Protein chains: 2
Amino acid sequence: MDSTKPALDRIDHRILAELQNNARLSNKELAAIVGLAPSSCLARVQKLVRDGVLAGFHAEVDPAAVGIGIQALVFVRMARHQPRDMQAYWDHLLELPEVLDLYYVAGSHDLVVHVGVRDVDHLRELVAEPISDFEHLGQIETSLIFQHHRSAVLPNYAPEPEPAKATRSGSKPPRKTRRKATEP
Amino acid sequence: MDSTKPALDRIDHRILAELQNNARLSNKELAAIVGLAPSSCLARVQKLVRDGVLAGFHAEVDPAAVGIGIQALVFVRMARHQPRDMQAYWDHLLELPEVLDLYYVAGSHDLVVHVGVRDVDHLRELVAEPISDFEHLGQIETSLIFQHHRSAVLPNYAPEPEPAKATRSGSKPPRKTRRKATEP
DNA sequence: TGTCCATGCGAATTCAATTTGGTGGAATTT
DNA sequence: AAATTCCACCAAATTGAATTCGCATGGACA
């Protein structure tokens with residue numbers, strides 16, 4: 001049925017969690033954390049990237065360091081909801097560098113725009129011009145953000161299919177180093 | 001005056017931009033991009049981390065892979081705005097794994113809560129129980145998210161103080177490899 | 001003009017990433 | 001049930017990067 005759903009096991013989820021917390025973990029460290037050999041761990045990470053489960057790796061930077069003095073949410077209600085118009089306005093907003101997040105939602109607002117600007121003047125200009133500059137707009141309401149928190153890691157609601165490889169007897173029966181083929 | 005503001009130069013901002021796009025860039029690659037020797041580049045990155053400008057490195061994972069089927073914005077209006085109550089409710093929300101973003105804003109809403117849940121039942125339970133379970137709450141409105149976009153990199157409004165090291169004559173007068181101290 | 005400081009470089013060392021060939025267990029086939 | 005296939009894993013080896021270090025350069029300041 002679902003060709004795109006090999007389902008992630010416990011170790012995969014562990015890898016995702018660790019990399020969400022710290023994307024700079026070296027493969028060796030990650031392998032040690034999840035209890036795998038570096039080579040096996042690397043193979044899993046590469047697979048997760050190939051499958052699009054790991055969609056990117058981003059540094060988090062202090063907004064103040066790039067001159068963002070204030071942030072705001074702008075709630076926009078459209079006067080018309082033609083898909084054509086919505087899409088055009090959506091694309092328009094995405095081109096604004098000030099737009100950090102863009103939500104298209106059901107309910108009494110249509111769009112919620114999270115913006116980061118230099119100062120109040122910048123905010124006023126942004127809302128007055130590029131954001132309001134569109135046909136078929138209804139109400140616009142701007143709310144200053146006092147505080148914002150973003151969780152770094154997503155919850156995990158996925159059922160784990162298998163013990164992924166239950167190390168049944170104790171912890172690690174270290175395999176006897178076998179090497180005979182290339183040996184005098 | 002400002003002991004914590006050595007101001008970032010052009011190269012620093014370039015580093016920030018690149019790492020926001022791809023936090024897994026190797027130091028060597030990054031150095032090549034920004035036009036620095038690996039050792040110099042590493043020193044800058046380490047400094048940016050020490051100074052808190054680089055606040056973290058996070059993997060971005062596909063919500064579907066962890067079982068998040070739907071996302072929503074929950075708009076909450078408080079009945080009372082006592083700082084004590086606000087803070088308690090804020091902390092309460094932060095403990096919910098479903099909460100992905102939390103905004104405390106001025107305006108007609110007080111809190112905007114971005115949640116990721118398994119399905120509609122999960123959403124109903126979340127809003128009915130943990131989110132509504134607090135005194136002094138006013139209106140609550142839940143809006144399904146149809147589409148969400150997050151920009152990976154912040155804009156840069158910071159003025160660049162100095163050419164960081166203007167290579168005035170041409171590009172790279174390759175320094176004559178000096179090594180005399182340890183030479184016959 | 002001389003000194004200090006910040007920043008950069010290259011070479012050397014240390015350590016990690018990646019490749020490869022082989023192993024064992026579990027599931028599947030005979 | 002025995003044989004076979006397949007898959008994920010591991011260890012070792014190689015390649016290549018991260019990190020350290022001593023020194024050089026150029027601007028700021030006196």
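Computed from a prediction, not measured in an experiment: that's the story for all the values here. Labels below follow one simple rule: chain letters A, B, ... track the order of the sequence lines, proteins then strands, and each chain is numbered from 1.
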Visitor: With axes from five pairs an end, tell me the bend angle of the helix from C/dT1-D/dA30 to C/dT30-D/dA1, nearest 10°.
Guide: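 One end's axis against the other's: 30°.
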Visitor: To the nearest 0.5 Å, what is the distance between CE on B/Met86 and CG on B/Asp110?
Guide: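 The CG atom of B/Asp110 is 5.5 Å from CE of B/Met86, to the nearest 0.5 Å.
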Visitor: Please determine whether any donor N or O and acceptor N or O are separated by less than 3.5 Å between the side chain of B/Ser39 and the base of C/dG10.
Guide: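 Present.
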Visitor: Assess the pair B/Phe75 and A/His109: is the distance between their ring centroids shorter than 6.0 Å?
Guide: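 Between B/Phe75 and A/His109, the centre distance is under 6.0 Å.
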Visitor: Side chain of B/Arg44 only, heavy atoms from C-beta on: which candidate in D/dC10, C/dT7, D/dT19 is closest?
Guide: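 Out of D/dC10, C/dT7, D/dT19, the nucleotide with an atom closest to B/Arg44's side chain is C/dT7.
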Visitor: Using atom NZ of A/Lys28 as one end and atom P of D/dT15 as the other, report the distance to the nearest whole Å.
Guide: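 Taking NZ of A/Lys28 and P of D/dT15, I get 20 Å after rounding.
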Visitor: Would you say the rings of A/His114 and A/Tyr103 are close, in the sense that their centroids are separated by under 6.0 Å?
Guide: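 When the ring centroids of A/Tyr103 and A/His114 are compared, they turn out to be at least 6.0 Å apart.
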Visitor: Distance check needed: D/dT19 C1' versus B/Leu30 CG, whole Å only.
Guide: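 In whole Å, D/dT19 C1' and B/Leu30 CG are 15 Å from each other.
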Visitor: Would you kindly give the CG-to-P distance between A/Leu48 and D/dA8, to the nearest whole Å?
Guide: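 Roughly 12 Å, once rounded to whole Å.
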Visitor: What is the distance, rounded to the nearest whole Å, between atom CD of A/Gln46 and atom P of C/dA17?
Guide: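 Spelled out: CD on A/Gln46 to P on C/dA17 is 11 Å.
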Visitor: Are B/Ser40 and C/dC9 close enough that a side-chain N or O sits under 4.0 Å from OP1 or OP2?
Guide: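 Answer is yes, contact under 4.0 Å.
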Visitor: How many whole angstroms separate atom CG of A/Leu42 from atom C1' of D/dA11?
Guide: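 Rounding to the nearest Å, CG of A/Leu42 and C1' of D/dA11 are 15 Å apart.
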Visitor: Does this structure show an ion pair linking B/Asp119 with B/Arg124, if we count only N-O contacts that are shorter than 4.0 Å?
Guide: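 Not counted as a salt bridge, because no side-chain N and carboxylate O are separated by less than 4.0 Å.
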Visitor: Assess whether a salt bridge exists between A/Asp51 and A/Arg44, defined as any Lys/Arg side-chain N lying under 4.0 Å from an Asp/Glu carboxylate O.
Guide: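 The answer is no: the pair does not qualify as a salt bridge.
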Visitor: Within the structure, does a side-chain N or O atom of B/Ser26 lie under 4.0 Å from either OP1 or OP2 of D/dA17?
Guide: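 No, because none of the side-chain N or O atoms of B/Ser26 sits under 4.0 Å from OP1 or OP2 of D/dA17.
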Visitor: Centroid-to-centroid, A/His81 to A/His136, below 6.0 Å?
Guide: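 No, the ring centres sit 6.0 Å or more apart.
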Visitor: Can you tell me if CD on B/Gln139 sees more than 12 non-hydrogen neighbours from other groups inside 6.0 Å?
Guide: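 Not more than 12 within 6.0 Å, no.
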Visitor: Measure CZ/A/Arg24 against C1'/C/dA16 and give the value in whole Å, please.
Guide: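 Whole-Å distance recorded here is 14 Å.
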Visitor: How close or far is atom P of C/dA17 from atom CG of A/Leu25, stated in whole angstroms?
Guide: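 Atom CG in A/Leu25 sits about 10 Å away from atom P in C/dA17.
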Visitor: Take atom CD1 of A/Ile15 and atom C1' of D/dA8, then tell me their distance rounded to the nearest Å.
Guide: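 The distance from CD1 of A/Ile15 to C1' of D/dA8 comes to 13 Å, rounded to the nearest Å.
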